[in-house]
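Note sheet for the following structure.
As the structure is a prediction and not an experimental result, all values here were calculated from the model. Every number for a ligand or one of its atoms is a count from 1 in the order of the listing.
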Amino acid sequence: MPDAGGQAPVLTPDLCVIGAGSGGLSLAAGAVQMGASVVLVEAGRMGGDCLNYGCVPSKALLAAAKRAEQARRGGLGVAPAEPQIDYAGAMAHVQAAIDAIAPHDSQERFERLGCTVIRAAGRFVSPREVEAGGQRIRARRFVVATGSGPFVPPIPGLAETPHLTNETLWELRERPGHLAILGGGPIGMEMAQAHVRLGCRVTVIEAATPLGGHDPELAAVALDRLRAEGVEIVAGKAERVSGAPGAVTLHLEGGGEVSASHLLVATGRRPNLERLDLAAGEVEHTPRGVTVDKGLRSTSNSRVYAIGDAAGGLQFTHVASYHAGLVVRSALFRLPVRAKDDHLPKVTFTDPEIAEVGLTEAGAATRGETVEIHRAPFSGNDRAIAEGETEGLVKLIASPKGRILGAGIAGPHAGELIQIWSLALSKGLRVKDISGHVAAYPTLGESAKQAAGAYFRPRLFESPMVKRVVRLLAHLG
Ligand SMILES: Cc1cc2nc3c(=O)[nH]c(=O)nc-3n(C[C@H](O)[C@H](O)[C@H](O)COP(=O)(O)OP(=O)(O)OC[C@H]3O[C@@H](n4cnc5c(N)ncnc54)[C@H](O)[C@@H]3O)c2cc1C
Ligand SMILES: NC(=O)c1ccc[n+]([C@@H]2O[C@H](COP(=O)([O-])OP(=O)(O)OC[C@H]3O[C@@H](n4cnc5c(N)ncnc54)[C@H](O)[C@@H]3O)[C@@H](O)[C@H]2O)c1
């Protein structure tokens with residue numbers, strides 16, 4: 001209600017959360033249900049990137065593409081058949097998936113929970129106050145949860161040439177004839193496979209290493225399949241872009257060219273900080289995000305936290321939610337918290353999927369740590385054999401004394417199979433804990449036991465000592 005001077009009274013909640021995406025929504029829901037007063041500020045769509053432009057649409061399109069590929073591949077006694085692709089129908093499935101999840105993230109739901117929701121851009125007006133839609137908010141604590149957007153590199157001609165990003169791709173209804181994708185990271189490669197399976201010609205242009213964020217041995221499993229399905233991966237860096245709607249050309253350093261009907265730019269992310277006026281809030285930041293300490297608190301304004309993509313670290317929905325949980329403990333209960341990375345899984349949803357958690361083989365080498373690497377290929381897993389999906393492996397990184405340091409999987413449902421390893425790392429489990437549990441047969445989940453078994457095999461089956469003990473005990477009757 002405006003005061004006599006026509007000004008809305010200043011809101012004074014416990015928490016003001018700026019950004020209603022993966023991190024902001026988890027935090028707001030947790031805090032308000034624990035009795036805190038919460039103002040939630042959202043400039044765009046409730047649900048943020050993950051729901052509207054990221055995880056949900058990309059996984060929905062990949063699912064449609066997988067159906068097409070299964071028909072095309074046939075096998076196991078089923079004749080392959082070229083599927084009839086309805087690209088608009090696949091995009092309708094994408095929208096239906098978003099619509100089905102949207103009520104959970106909606107303004108109405110958060111208002112029912114007790115949050116005050118303001119649909120406007122928030123900006124700091126002082127170290128103690130944020131303004132959004134004409135409303136001033138003087139909260140006890142502020143949380144920057146504004147996420148990230150596509151980073152479009154300053155390549156000459158790119159800004160003037162029609163191009164798609166993860167924010168606009170979902171508006172397409174006509175299938176691109178030839179999709180060029182600049183950047184071969186998770187976004188580029190997931191969308192490359194989705195589109196090649198939906199019948200497009202696809203060329204990925206990658207300046208460094210395709211899927212370079214993953215262990216190369218695991219990435220190779222997915223890259224081999226992508227190439228076999230027809231994705232062309234060109235090593236190169238675009239130095240100029242030109243073209244018009246329907247005909248785009250990337251001019252590469254050293255002279256090559258890639259021409260396509262459409263261009264998707266997937267060259268990384270930049271945090272959404274520009275509208276926040278962080279200087280007014282005395283909140284230090286870099287091009288990667290808000291500068292925070294181990295407890296996710298701004299190093300320059302202790303009233304302010306940053307979570308999720310805006311905090312400059314790993315950029316995943318589950319990381320944003322994990323951050324939210326830490327900030328609930330810190331801001332509401334004043335408990336000391338420390339954000340860690342070593343138990344956070346990362347999954348790329350190509351088919352086969354790639355999933356990793358904890359230390360990698362390269363990471364161990366960089367740290368000069370002595371580790372054992374054990375592998376369990378899916379060709380030795382009965383369920384994988386029965387389903388004709390034997391590409392890939394589980395890779396266990398363990399200390400010589402049996403501590404689990406990391407795990408990586410490339411193969412069918414790797415994103416599901418990584419969960420037991422995430423649990424193992426977060427709870428400090430040992431290899432014997434994995435080998436000792438009973439896994440149902442026949443499941444892909446047995447692959448965890450098989451990798452743990454690879455650790456114990458030489459110790460049990462190739463040990464003269466074990467053999468001596470067994471013989472001695474047998475002698476005793
Ligand atoms: C194509 C793609 C696929 C992805 N797939 C996966 C996946 O499969 N799994 C996974 O874990 N992660 C995935 N991610 C990453 C995931 O989407 C992000 O890590 C996650 O959304 C980050 O959550 P967040 O809360 O930090 O930001 P967001 O979810 O982006 O939310 C930030 C919100 O803040 C709002 N905002 C920005 N500025 C302001 C302002 N000044 N005032 C008010 N509101 C503001 C924005 O409108 C937005 O709604 C994907 C990303 C992309 C782009
Ligand atoms: N499955 C998932 O969880 C998932 C899926 C998609 C995205 N994400 C998140 O979003 C983040 C961003 O993904 P992304 O793929 O956009 O970024 P990325 O930074 O992971 O990959 C971008 C790629 O583009 C390349 N590149 C950059 N500039 C280039 C140029 N001028 N020419 C050619 N290549 C160039 C880089 O070498 C890099 O390989 C991911 O790191 C991840 O955190 C997660």
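Between Glu129 and Arg140, none of the side-chain N atoms (NZ, or NE/NH1/NH2) sits under 4.0 Å from a carboxylate O, so this pair counts as no salt bridge. We find that Arg45 and Asp105 are not joined by a salt bridge, their nearest charged nitrogen and carboxylate oxygen being 4.0 Å or further apart. Remark: Glu387 engages Arg383 in a salt bridge, criterion side-chain N to carboxylate O under 4.0 Å. A salt bridge is defined here as a Lys NZ or Arg NE, NH1 or NH2 lying under 4.0 Å from an Asp or Glu carboxylate O, and Glu69 with Lys66 fails to meet this definition. Checked for salt-bridge contact, Glu232 and Arg227 miss the test: no charged N lies under 4.0 Å from a carboxylate O.
Residue-ligand proximity, Arg269 to ligand 2, at heavy-atom distances under 4.0 Å covers atoms 11 (C), 12 (C). Below 4.0 Å from some heavy atom of Gln315 lie the following atoms of ligand 1, by number and element: 15 (C), 19 (O). Interface atoms of ligand 2 facing Gly185, defined by a heavy-atom separation under 4.0 Å, are 15 (O), 21 (O), 23 (C). Per-residue contacts place Ile155 under 4.0 angstrom from the following atoms of ligand 2 (heavy atoms of the residue considered): 31 (N). Every atom of ligand 1 is numbered from 1 in the order shown, and the set under 4.0 Å from a heavy atom of Arg45 is 49 (O). Atom numbering of ligand 2 starts at 1 in the shown order; those under 4.0 Å from a heavy atom of Leu182 are 32 (N), 33 (C). Close approach to Gln315 involves these atoms of ligand 2, each under 4.0 Å from a residue heavy atom: 9 (C), 11 (C), 42 (C), 43 (O). Against a heavy-atom cut-off of under 4.0 Å, Gly19 is close to the following atoms of ligand 1: 33 (C), 34 (O), 35 (C), 44 (N). Atoms of ligand 1 lying under 4.0 Å from any heavy atom of Lys59, numbered from 1 in the order shown and given with element: 5 (N), 6 (C), 7 (C), 8 (O). For ligand 1, the atoms lying closer than 4.0 Å to a non-hydrogen atom of Ala120 are 43 (C). Under a 4.0 Å criterion applied to the non-hydrogen atoms of Tyr53, ligand 1 contributes the atoms 1 (C). Within ligand 1, counting atoms from 1 as listed, the ones closer than 4.0 Å to a heavy atom of Asn166 are 1 (C), 53 (C). Taking a cut-off of under 4.0 Å to the non-hydrogen atoms of Ile205, the atoms of ligand 2 that pass are 33 (C), 34 (N). With ligand atoms numbered from 1 in the order given, ligand 1 contributes 8 (O) to contacts under 4.0 Å with heavy atoms of Phe349. The Ala208 neighbourhood of ligand 2 comprises atoms 37 (O), with distances under 4.0 Å to a heavy atom of that residue.
At least one side-chain heavy atom of Val394 sits under 4.5 Å from a side-chain heavy atom of Phe378. In this structure, the side chains of Val292 and His285 stay at 4.5 Å or more apart for every pair of heavy atoms. Arg270 is not listed as a side-chain neighbour of Ser148, based on a closest heavy-atom distance of 4.5 Å or more.
Regarding atom 4 (C) of ligand 1, its nearest protein heavy-atom neighbour is Cys55 N, 3.5 Å. Closest to atom 3 (C) of ligand 1 among all protein heavy atoms lies Gly54 C, 3.4 Å. Protein heavy atom closest to atom 28 (P) of ligand 1, with residue, atom name and distance, is Asp49 N, 3.7 Å. Among all non-hydrogen protein atoms, the one lying nearest atom 33 (C) of ligand 1 is Glu42 OE1, 3.5 Å. Scanning the protein for heavy atoms near atom 11 (O) of ligand 1, the closest one is Thr317 N, 2.9 Å. Considering only non-hydrogen protein atoms, atom 27 (O) of ligand 1 sits nearest to Gly147 CA, 3.1 Å.
By the 3.5 Å distance cut-off applied to N or O atoms, Glu206 is counted among the residues near ligand 2. For a threshold of 3.5 Å applied to N or O pairs, the pair formed by Leu276 and ligand 1 contains no separation below that value. Of the polar atoms of Phe316, none of the N or O atoms is found under 3.5 Å from an N or O of ligand 2, judged by distance alone. Between Trp170 and ligand 1, not a single N/O pair is under 3.5 Å apart. When only interatomic distances are considered, the shortest N/O to N/O separation between Glu190 and ligand 2 falls below 3.5 Å. Between Gly236 and ligand 2, no pair of N/O atoms sits closer than 3.5 Å. Taking distance alone, with nitrogen or oxygen atoms compared against 3.5 Å, Phe316 approaches ligand 1 more closely than that limit. Close N/O approach between Gly268 and ligand 2 is found [any backbone or side-chain N/O within under 3.5 Å].
In this structure, Arg269 is part of the shell of residues with a heavy atom less than 4.0 angstrom from ligand 1. Contact between Asp309 and ligand 2 is absent, with no heavy atom of the residue lying under 4.0 Å from the ligand. The closest approach between any non-hydrogen atom of Ala266 and ligand 2 is below 4.0 Å.
No hydrogens or angles considered: a donor-acceptor pair under 3.5 Å links the side chains of Tyr305 and Ser330. The closest side-chain donor-acceptor pair between Ser422 and His343, if any, does not fall under 3.5 angstrom. For Thr291 and Thr299, the side-chain atoms include no donor-acceptor pair closer than 3.5 Å. Between the side chains of Arg119 and Gln107, at least one donor N or O lies within less than 3.5 Å of an accepting N or O. At a cut-off of 3.5 Å, with distance as the only test, a side-chain donor of Ser37 or Asp14 sits close to an acceptor on the other residue.
A 6.0 Å sphere centred on NZ of Lys237 holds no more than 12 heavy atoms belonging to other residues, nucleotides or ligands. Within a 6.0 Å sphere centred on CZ of Arg288, heavy atoms belonging to other residues, nucleotides or ligands number 12 at most. Environment of CZ in Arg67: sparse, with no more than 12 heavy atoms of neighbouring residues, nucleotides or ligands closer than 6.0 Å. Atom NE2 of His413 is surrounded by 12 or fewer heavy atoms from other residues, nucleotides or ligands within 6.0 Å.
The backbone N or O of Val125 sits nowhere less than 3.5 Å from a side-chain atom of Arg128 that would complete a donor-acceptor pair.
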Inset, instruction - Give the intermediate values and the outcome of side chain to side chain donor-acceptor pair (under 3.5 Å) for residues Gln135 and Glu131. - result: CA-CA 5 Å; Gln135 176 69 64; Glu131 186 274 334; over 6 Å; no
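Comparing Ile187, Leu211, Val234, Asp49 by heavy-atom distance to atom 7 (C) of ligand 2, the nearest is Ile187. Of the candidates Pro271, Ala266, Gly122, Gly122 brings a heavy atom nearest to atom 41 (N) of ligand 1. Between Val319, Thr317, Thr267, it is Thr267 that holds the heavy atom closest to atom 26 (N) of ligand 2. Taking each of Gly47, Ser22, Gly21, Ser148 in turn, the one with a heavy atom nearest to atom 21 (O) of ligand 1 proves to be Ser22. The nearest non-hydrogen atom to atom 26 (O) of ligand 1, considering only Leu62, Asp309, Leu169, comes from Asp309.
At a heavy-atom cutoff of 4.0 Å, ligand 2 is contacted by the backbone of Val347 but not by its side chain. The side chain of Ser58, and not its backbone, has at least one atom closer than 4.0 Å to an atom of ligand 1 (non-hydrogen atoms only; side chain from C-beta on). Neither the backbone nor the side chain of Asn166 has any atom closer than 4.0 Å to an atom of ligand 2 (non-hydrogen atoms only).
Centroid-to-centroid, the aromatic rings of Phe316 and Tyr322 stay 6.0 Å apart or farther.
Using bins of under 30°, 30° to 60° and over 60° for the plane-to-plane angle, the ring pair His195/Tyr87 lands in the tilted bin.
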